[in-house]
Amino acid sequence: MTDHEDIGATPFERMESHMEHEDLVCPECGHEDDGGSWQAQTTGSQVLYSHVCPSCGAIRKRTYNLGDE
Ligand SMILES: [Zn+2]
């Protein structure tokens, strides 16, 4: 049995793995970007996520404030 639990490294990494499971289904065309992921960028106090739909090119963006939970 493998209890693979590597959560808790950094807030940034936690956010990133959180976003791994975030919807990758495009609200515009319904395409599910199975092999895709949100691109994360941090400014220090915020993490900016963006995802480009490979099917229709729709761009979604999200912003998270670090340490805001
Ligand atoms: Zn799309």
Side-chain angles (χ1 to χ4, degrees):
M1 185 204 272
T2 29
D3 193 19
H4 193 65
E5 191 135 31
D6 48 14
I7 339 169
T10 66
F12 184 67
E13 278 175 26
R14 287 188 56 184
M15 279 297 188
E16 210 164 41
S17 63
H18 170 74
M19 291 300 286
E20 287 297 314
H21 303 289
E22 196 64 22
D23 66 300
L24 289 167
V25 178
C26 176
E28 297 295 325
C29 70
H31 176 81
E32 187 175 352
D33 189 9
D34 245 342
S37 64
W38 288 76
Q39 300 300 307
Q41 227 184 329
T42 184
T43 63
S45 57
Q46 287 186 320
V47 184
L48 312 171
Y49 291 99
S50 59
H51 175 261
V52 182
C53 175
S55 179
C56 74
I59 300 172
R60 285 184 289 160
K61 289 183 179 173
R62 289 187 189 185
T63 308
Y64 281 96
N65 293 315
L66 288 175
D68 199 35
E69 221 151 324

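Note that ligands are numbered from 1 as they come in the structure, with each ligand's atoms numbered from 1 the same way. By convention here, the first residue in the shown sequence is residue 1. No hydrogens, no waters, no symmetry mates; every other heavy atom, side chains included, goes into these values.
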* Look at Asp23 together with Arg60 and state whether they make a salt bridge at an N to O cut-off of under 4.0 Å. => yes
Can you tell me how far apart [atom1] ([X]) and [atom2] ([Y]) are? Round to the nearest 0.5 Å.
{"X": "Gln41", "Y": "Lys61", "atom1": "CD", "atom2": "NZ", "answer": "9.0 Å"}
{"X": "Ser45", "Y": "Asn65", "atom1": "OG", "atom2": "CG", "answer": "7.0 Å"}
{"X": "Glu32", "Y": "Leu24", "atom1": "CD", "atom2": "CG", "answer": "7.0 Å"}

* Structure fact -> Within the 2.8 Å cut-off the protein N, O or S neighbours of the Zn ion (ligand 1) are Cys26 SG, Cys29 SG, Cys53 SG, Cys56 SG
* **Taking every non-hydrogen atom, the tightest pair across Ala40 and Val47** => CB-CG1, 4.1 Å
* What heavy-atom pair brings Trp38 and Arg62 nearest, and what distance separates the two atoms? -> CH2-NE, 3.6 Å
